[in-house]
Amino acid sequence: MEREVGTETVKRGLAQMLKGGVIMDVTNAEQARIAEEAGACAVMALERVPADIRAQGGVARMADPEKILEIMEAVSIPVMAKCRIGHFVEAQILEALGVDFIDESEVLTPADEEHHIDKRKFKVPFVCGARNLGEALRRIGEGAAMIRTKGEAGTGNVVEAVRHARAVLGEIRRLTTMADEEMMTYAKEIGAPYELVVETARLGRLPVVNFAAGGVATPADAALMMQLGMDGVFVGSGIFKSGDPVKRARAIVQAVTYYNDPKILAEISRGLGEPMVGINISLIPEEERLATRGW
Amino acid sequence: MRVGVLALQGAFIEHVQMLARLGVQPVEVRLPEHLEGLNGLIIPGGESTTMGLLAQKRGLLQPIRDFVGSGRPLWGTCAGMILMAREILDGVPGQPALELMDIAVRRNAFGRQVDSFEADLVVPALGEIPFHAVFIRAPVIERVGAGVQILASLEDGTAVAVQQGHLLATAFHPELTRDERFHRYFLELTK
């Protein structure tokens, strides 16, 4: 009875177990416990939430291992952590710490402006952001076991997540109507591996789990992303930058389960206190937009 | 035949698709009234803490216990097995659960995600061909009560699939494979 670890099935499998759930950004053990008690299906261990990274500027790097271990110690649900795009040594360190998932994230300052990490070399699964189908399939080609929209992290504004979700899902819908001979040209146009284009057309969806991320701040935002066809939701700054994190966290967890039930959504959206303060995307200078990072 | 899949969180679509392939009408269960008229229920993999909280919040725990009490079969895979166990080791204190099956399970018994694995498992009840089992941050069964039958164990003797009358529990995920034997085995219990 030989045990095989780090296979594509177990990596993609963990992402499948996260579906229909909410993954919450946390910066310490206390927040991690609040997230777990509210029903988060996983937490993202960070030093600063994206809203603070955005406000403080400077180079954003992998979190201190001490911080990540503190959070891993505090909860029983999976713990994710972020490394910089292309920074495979940060990824090696996170794998050695035993984190359950690595987010190769545009929220941190990229370490390589041409290449992403070769994620197939790792036993730990990776999630990557994508704005369109080509980007999603390139990341899967590199070994990503899960995809998420990039959205625009730390803004509390869901518009970019909607744009990216509609782009990926719309392109897949187009793909499913294409003749076989059109797929090679389409693969060339979007810069995606041909085999993955064909597989996506056959499945009518991405070959891996696809979450929403970047700007989700309310239960309605979360349900919107689910109704658009996402498999689950990341909430970053939206919970712990709001007036009543416990209540809001619980409400967003329920919104992802009951996304198709407006009566329940109305009930859980009541009296949540102040949401995080949002930012209009058009007021963010082009060079400060996180979603444009990654290639 | 209509079989429910608890659809609060986790890998419920995979069970739904497998049931549909077997010619059964799958029903996603999110509220107590969705249990009406079902011949059986599956609790999928996912996070047991998340599912337990949502089930408690919408008043699903007692209706599922009553469902089982009426003699209809229940199968839990991974997190589903945790929710069915009488005793949860390494759980979150006060974690809501069904407490239906006379077993003690340990959560995340193999370690973290890097220790998740696939292995061929001998399951005599399914015939001679081994069952390819996928273990993801999986629990194990550390104690079984008198009425509980062990269907499969790892090489070190750790129980990973058990049955107690019309209750079935597996620490691994048959729904992530193309092997339909465990689903067929469960459907037999509905007869």
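Only this structure's heavy atoms are used, side chains among them; waters, hydrogens and symmetry mates stay out.
- At a 4.5 Å heavy-atom cutoff, the contact between B:Arg30 and chain A is made by backbone and side-chain atoms alike.
- Relative ring orientation between B:Phe186 and B:Trp75 is described as tilted, the plane-to-plane angle lying within the 30° to 60° band.
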Exercise for review: For the pair A:Glu36 and A:Arg33, evaluate salt bridge (Lys or Arg N to Asp or Glu O under 4.0 Å) and give the outcome as yes or no after the intermediate values.
Suggested key: CA-CA 5 Å; A:Glu36 182 176 53; A:Arg33 275 190 288 266; over 6 Å; no
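- With chain A as partner, the option from B:Val92, B:Asp90, B:Thr177, B:Asp115 having the largest number of non-hydrogen pairs under 4.5 angstrom is B:Val92.
- For the pair A:Arg3 and B:Phe110, the cation-pi test (distance below 6.0 Å, angle within 45°) is failed.
- Closest approach of B:Ile88 and B:Gly91 over heavy atoms only: CG2-CA, 3.9 Å.
- Using a 4.5 Å cut-off between heavy atoms, A:Asp261 contacts chain B through its side chain alone, with no backbone atom that close.
- When heavy atoms are compared at a cutoff of 4.5 Å, B:Ala7 approaches chain A solely by way of its backbone atoms N, CA, C and O.
- With 3.5 Å as the limit, one finds a donor-acceptor pair spanning the side chains of B:Gln113 and B:Ser116.
- Both the backbone and the side chain of B:Leu8 come within contact range of chain A, judged by heavy atoms closer than 4.5 Å.
- Neither the backbone nor the side chain of B:Gln56 comes within contact range of chain A, judged by heavy atoms closer than 4.5 Å.
- For the set A:Val5, A:Val22, A:Val124, A:Val253, the count of heavy-atom pairs under 4.5 angstrom toward chain B peaks at A:Val5.
- Only the backbone of A:Ala38 comes within contact range of chain B, judged by heavy atoms closer than 4.5 Å.
- Using a 4.5 Å cut-off between heavy atoms, B:Thr49 contacts chain A through its side chain alone, with no backbone atom that close.
- For a residue to count as touching a neighbouring chain, one of its non-hydrogen atoms must lie under 4.5 Å from one of that chain's; by this rule A:Val79 touches chain B with backbone and side chain alike.
- If you measure heavy-atom distances from A:Phe122 to chain B, you find no contacts under 4.5 Å at all.
- Of the listed residues (A:Gln254, A:Met17, A:Gln16, A:Lys11), the one with the most heavy-atom contacts under 4.5 Å to chain B is A:Met17.
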